[in-house]
Every structure is written in C-alpha cells, then in structure tokens.
Visitor: 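Quick one: the structure is below, questions incoming.
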Amino acid sequence: MSSSIYGDITKVETTGASGQTANQDKLTEKGIDASHKLMATDLERVNKYKALINKVATANRVDPAIIGAIMSRESRGGNVLINGWGDHGNGFGLMQVDKRHHNIVGAWDSEEHLSQGTQILTGMIKSIAKKFPGWSKEQQLKGGISAYNAGPRNVQTYSRVDIGTTGNDYANDVVARAQWLKKHGY
C-alpha cells in the first residue's frame, strides 16, 4: 500500500540513528542498524495502531511506514508518554504535535491526532518542495521529515538536512525506521 505522492521511502538515502539516539536503548551500534533495532523494539506498540495508520495514510496519500516510523521516533509508539504528553509537556500524542505551534485535536492516540500529525508532515514536505524545487521527490520527502521536527527554515542544504534536529539525525533515523517497517508489513 505505497500510494504515496511524496516519493518512495525505500529510495531515500539514510545514515540512520546517531549515537545519541541509539543510546536511548543503550545500543552499542549506531546508524541504520540502530534505527532498525529501535523500530523493532517499538513494532508491537506501533502495530496496535496499524488500522488507524493505514486509514490516515490512505486519506493523506502518505506511506504508512513513515507515520509508523514517526510514532516510533517521537513517542516510542506511545511508551514514553505521560497521559498522552511528552517533550516536557509540549508534545502531544503518538506523533508529538507541539502545542506551542499547533492547536491540539483529538485524543493522544486517536485518528484525529494521527491525521493532524500527518497533515503537518505533508505540509512540511510541500514547504520543502517549494523551497527546493530542484531536489528529487525523495530528497524533498527527507527534507520534509526533517522539517517535521525542526521546521522548514532549519533545512538549508540536503547534505546537512538533519543539522539542528533532535540528535542531529531526525530524518535519517525516521527514514531508516520506515525502511525497516516496509520490510515488516507496512
């Protein structure tokens, strides 16, 4: 079910998780292997929302693996949330929509929340596509994933797409997690 209009996640270049991100699970490796292990750890939790993910993905023409990977990166599939909140009370829900920049909708694990997070993502991808019309669809997709974390102004060049994101690896880690999900039923 890859009817994404935003590029093919399996063709996006990635270096995976930084050592800082890998350290969340005390992993000795970093990079793509670490991203895959982090995603594997979260798979059961993310799979609880698979029907909702697929519904929202179809409605927004986004690869469901990307939504699942963002859920893993942002909230570990909900595992690190307290009453639906994370990021010191600023991020809400599975996809950690920031209350400082968005009006929160729905319950933390609802279709409304996943729709909002996905629409924020697609808005970021479109913003990056407008900012960098010469980039390939896959580069724009990666840039949009980075912008989901740190905003479109933060994305300056493709080679430094993640500088300024959490762990300086946000898009690379999310892409690697999504690629792992594509091989595991998404």
Side-chain angles (χ1 to χ4, degrees), residues 1-2 4 9 14 16-18 20-27 30 32-60 62-125 144-151 162 165-167 169-186:
M1 179 166 107
S2 183
S4 174
I9 195 68
T14 182
S18 66
Q20 178 183 340
T21 298
N23 195 44
Q24 287 176 6
D25 284 12
K26 312 245 182 302
L27 301 177
K30 59 184 179 182
I32 293 169
D33 288 343
S35 293
H36 290 178
K37 283 189 175 182
L38 291 161
M39 189 66 247
T41 297
D42 297 339
L43 182 62
E44 194 174 313
R45 289 186 292 266
V46 171
N47 274 346
K48 287 195 314 200
Y49 305 101
K50 193 171 183 181
L52 281 181
I53 291 168
N54 285 331
K55 185 176 181 184
V56 169
T58 300
N60 291 281
V62 172
D63 191 317
I66 299 169
I67 298 171
I70 289 174
M71 286 170 54
S72 170
R73 170 68 188 227
E74 289 287 347
S75 70
R76 304 304 304 270
N79 198 47
V80 299
L81 303 179
I82 300 168
N83 297 321
W85 292 91
D87 189 24
H88 310 289
N90 293 310
F92 182 72
L94 294 165
M95 294 180 75
Q96 287 294 278
V97 172
D98 193 316
K99 73 177 185 183
R100 296 168 294 189
H101 303 286
H102 305 280
N103 292 320
I104 302 300
V105 300
W108 67 273
D109 59 352
S110 67
E111 180 180 340
E112 293 84 4
H113 166 71
L114 290 181
S115 291
Q116 181 181 30
T118 302
Q119 288 163 10
I120 292 166
L121 172 65
T122 59
M124 293 300 173
I125 298 167
I145 292 169
S146 174
Y148 182 85
N149 177 255
D162 269 336
T165 65
T166 305
D169 70 343
Y170 188 87
N172 278 291
D173 182 34
V174 168
V175 166
R177 292 183 199 216
Q179 289 172 346
W180 187 90
L181 280 175
K182 292 299 288 180
K183 293 178 182 159
H184 294 85
Y186 278 76

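What you see below is based on every heavy atom in this structure, not just the backbone, and it leaves out hydrogens, waters and symmetry mates.
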Visitor: Which heavy-atom pair separates Arg177 from Ala69 by the least distance, and what is that distance?
Guide: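 Nearest heavy atoms, Arg177 then Ala69: CB-CB, 3.7 Å.
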Visitor: Can you confirm whether Leu38 sits close enough to Leu27 that some side-chain heavy atom of one is under 4.5 Å from a side-chain heavy atom of the other?
Guide: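 Yes, their side chains come closer than 4.5 Å.
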Visitor: Just how far is it from atom CG of Asp63 to atom OG1 of Thr58, taken to the nearest 0.5 Å?
Guide: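 These two atoms lie 10.0 Å from each other.
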Visitor: For residues 107-117, which residue pairs qualify under side chain to side chain donor-acceptor pair (under 3.5 Å), counting only residues two or more places apart or in two chains?
Guide: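 Non-adjacent pairs meeting side chain to side chain donor-acceptor pair (under 3.5 Å): Lys55-Glu111, Ser110-Glu112.
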Visitor: Trp85: what forms a ring pair (Phe, Tyr, Trp, His ring centres under 6.0 Å) with it, not counting sequence neighbours?
Guide: Phe92
Visitor: Enter the distance from Asp87:CG to Ser75:OG here, rounded to the nearest 0.5 Å.
Guide: 12.0 Å
Visitor: With a 6.0 Å cut-off (strictly less than), is the heavy-atom count around NZ of Lys37, excluding the residue itself, greater than 12?
Guide: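 At most 12 heavy atoms, drawn from other residues, nucleotides or ligands, come within 6.0 Å of this atom.
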Visitor: For residues Ala17 and Ser35, report the shortest heavy-atom separation together with the two atoms involved.
Guide: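 Scanning both residues, the minimum pair turns out to be N-OG, 2.9 Å.
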Visitor: Can you run down the salt bridge (charged side-chain N to carboxylate O under 4.0 Å, His left out) pairs that involve residues 90-99, sequence neighbours left out, and say none if there aren't any?
Guide: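 As it turns out, the salt bridge (charged side-chain N to carboxylate O under 4.0 Å, His left out) pairs with a partner in residues 90-99, which skip direct neighbours, are Asp98-Arg100.
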Visitor: If we count only N and O atoms by modelled type, under 3.5 Å, do the side chains of Asp173 and Thr21 hold a donor and an acceptor together?
Guide: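 Distance-only check fails for Asp173 and Thr21.
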Visitor: Between Ile32 and Gln179, is there a side-chain heavy-atom distance shorter than 4.5 Å?
Guide: no
Visitor: Once you round to the nearest 0.5 Å, how far does OG of Ser146 lie from CE of Met124?
Guide: 10.0 Å
Visitor: I'd like to know if the side chain of Thr165 and the backbone of Ala150 have a donor-acceptor N/O pair within less than 3.5 Å.
Guide: no
Visitor: Walk me through whether Met95 and Ile120 qualify under side-chain contact (heavy atoms from CB on, under 4.5 Å).
Guide: CA-CA 10 Å; Met95 294 180 75; Ile120 292 166; over 6 Å; no
Visitor: Stepwise, does the side-chain contact (heavy atoms from CB on, under 4.5 Å) test hold for Asn149 with Arg73?
Guide: CA-CA 10 Å; Asn149 177 255; Arg73 170 68 188 227; 5.7 Å; no
Visitor: Sequence neighbours excluded, which residues qualify as side-chain contact (heavy atoms from CB on, under 4.5 Å) partners of Gln20?
Guide: Ser18
Visitor: If the condition is side-chain hydrogen bond (donor to acceptor under 3.5 Å, both in side chains), which residues does Asp25 pass it with, not counting sequence neighbours?
Guide: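 Once residues adjacent in sequence are excluded, the partners of Asp25 under the side-chain hydrogen bond (donor to acceptor under 3.5 Å, both in side chains) criterion are Arg76.
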Visitor: Partners of Tyr148 by side-chain hydrogen bond (donor to acceptor under 3.5 Å, both in side chains), sequence neighbours excluded?
Guide: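 Once residues adjacent in sequence are excluded, Tyr148 has no partner under the side-chain hydrogen bond (donor to acceptor under 3.5 Å, both in side chains) criterion.
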Visitor: Any donor-acceptor pair under 3.5 Å linking the side chain of Gln96 with the backbone of Gly93?
Guide: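 Present.
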Visitor: Supply the atom-to-atom distance Gln119 CD to Asn60 CG, rounded to the nearest 0.5 angstrom.
Guide: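 Answer rounded to 0.5 Å: 5.0 Å.
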Visitor: Would you please name every residue forming a salt bridge (charged side-chain N to carboxylate O under 4.0 Å, His left out) with Lys30, sequence neighbours left out?
Guide: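 Lys30 satisfies salt bridge (charged side-chain N to carboxylate O under 4.0 Å, His left out) with no residue once adjacent residues are dropped.
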Visitor: For Glu74, check side-chain hydrogen bond (donor to acceptor under 3.5 Å, both in side chains) against everything at least two apart and list the hits.
Guide: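 With sequence neighbours excluded, Glu74 shows a side-chain hydrogen bond (donor to acceptor under 3.5 Å, both in side chains) to Tyr170, given in chain and number order.
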Visitor: Of all the heavy-atom pairs spanning Pro64 and Asn54, show the shortest one and how long it is.
Guide: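 Pro64 and Asn54 have their closest heavy atoms at CB-OD1, 3.4 Å.
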Visitor: Just so I know, are the side chains of Leu181 and Leu43 near enough to count as touching, which here means a heavy-atom distance under 4.5 Å?
Guide: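 Yes, their side chains come closer than 4.5 Å.
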Visitor: Apply side-chain hydrogen bond (donor to acceptor under 3.5 Å, both in side chains) to Asn47 and list each qualifying residue two or more places apart in sequence or on a separate chain.
Guide: Tyr186
Visitor: Tell me every residue that passes ring pair (Phe, Tyr, Trp, His ring centres under 6.0 Å) with His184, counting only those two or more places apart in sequence or in another chain.
Guide: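 Result, ring pair (Phe, Tyr, Trp, His ring centres under 6.0 Å) vs His184: Trp180.
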Visitor: Going through the distances and angles, do Asn79 and Asp42 end up as a side-chain contact (heavy atoms from CB on, under 4.5 Å)?
Guide: CA-CA 8 Å; Asn79 198 47; Asp42 297 339; 5.7 Å; no
Visitor: For the CD1 atom of Ile70 and the CG atom of Leu114, what is their distance to the nearest 0.5 Å?
Guide: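 Here the interatomic distance stands at 10.5 Å.
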Visitor: In Å, rounded to the nearest 0.5 Å, how long is the span from CG of Asp162 to CG of Asn172?
Guide: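 Reported value, rounded in 0.5 Å steps: 4.5 Å.
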